[in-house]
Amino acid sequence: MQKNKRSLLMALGGYAIIQLLSGCSSTVIDEGVSQSVTTPSNDATEIIKNDSLAVDVQKCIGCGKCARLASSNFALNSTTHKAEVISQEIISQTSITKAVNGCPTHAITQ
């Protein structure tokens with residue numbers, strides 16, 4: 001039992017370290033804001049997609065950089081702690097470009 005607690009704490013600590021190293025902060029939304037679509041592939045990659053903006057949740061580490069750079073288009077899901085597209089209405093293409101290029105795992109596509 002003690003080993004399981006230690007493993008869990010180490011995993012959570014690793015998640016926090018990844019977020020800190022990638023300059024992350026959390027903007028969180030409730031679940032169900034965007035549409036989830038599973039695409040057929042060899043590795044069964046799930047992509048959260050609304051029209052042209054998309055987040056590959058298999059690549060997303062939940063750092064929140066996209067939500068900070070383009071908060072009208074991206075937010076973190078409070079349950080999955082992964083980025084989601086919350087709007088396709090692009091107010092600033094510059095913000096979207098910064099979010100796409102700034103994603104440390106290249107999980108965002110346009």
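Since this is a predicted model, take the numbers as computed values, not measurements.
For the atom pair CD1 (I108) and CG (L69), the distance works out to 8.5 Å, reported to the nearest 0.5 Å. Between the CG atom in L76 and the NZ atom in K65 there is a gap of 13.5 Å [rounded to 0.5 Å]. The CD1 atom of I61 lies 7.5 Å from the SG atom of C103; values are rounded to the nearest 0.5 Å.
No donor-acceptor pair under 3.5 Å is formed between the side chain of N73 and the backbone N or O of I86.
When every heavy atom of E84 is checked against every heavy atom of N77, the shortest pair comes out as OE2-ND2, 2.8 Å. Minimum heavy-atom separation, C60 to K82: O-NZ, 2.6 Å. Nearest approach of A83 to V55, heavy atoms of both residues: O-CG1, 3.5 Å. R68 and C63 make their closest contact through NH1-O, 3.8 Å (heavy atoms, listed as atom of the first residue, atom of the second, distance). Between S95 and A70 the shortest heavy-atom distance is O-CB, 3.9 Å.
Within the 4.5 Å cutoff, side-chain heavy atoms of F74 are placed close to those of L53. Side-chain contact check for Q110 versus Q93: some heavy-atom pair is nearer than 4.5 Å. Looking at D56 and T109, their side chains never come closer than 4.5 Å, going by heavy atoms from C-beta outward.
Applying side chain to side chain contact (heavy atoms under 4.5 Å, CB included) to S72 and the options I90, I91, I96 leaves one that passes, I91.
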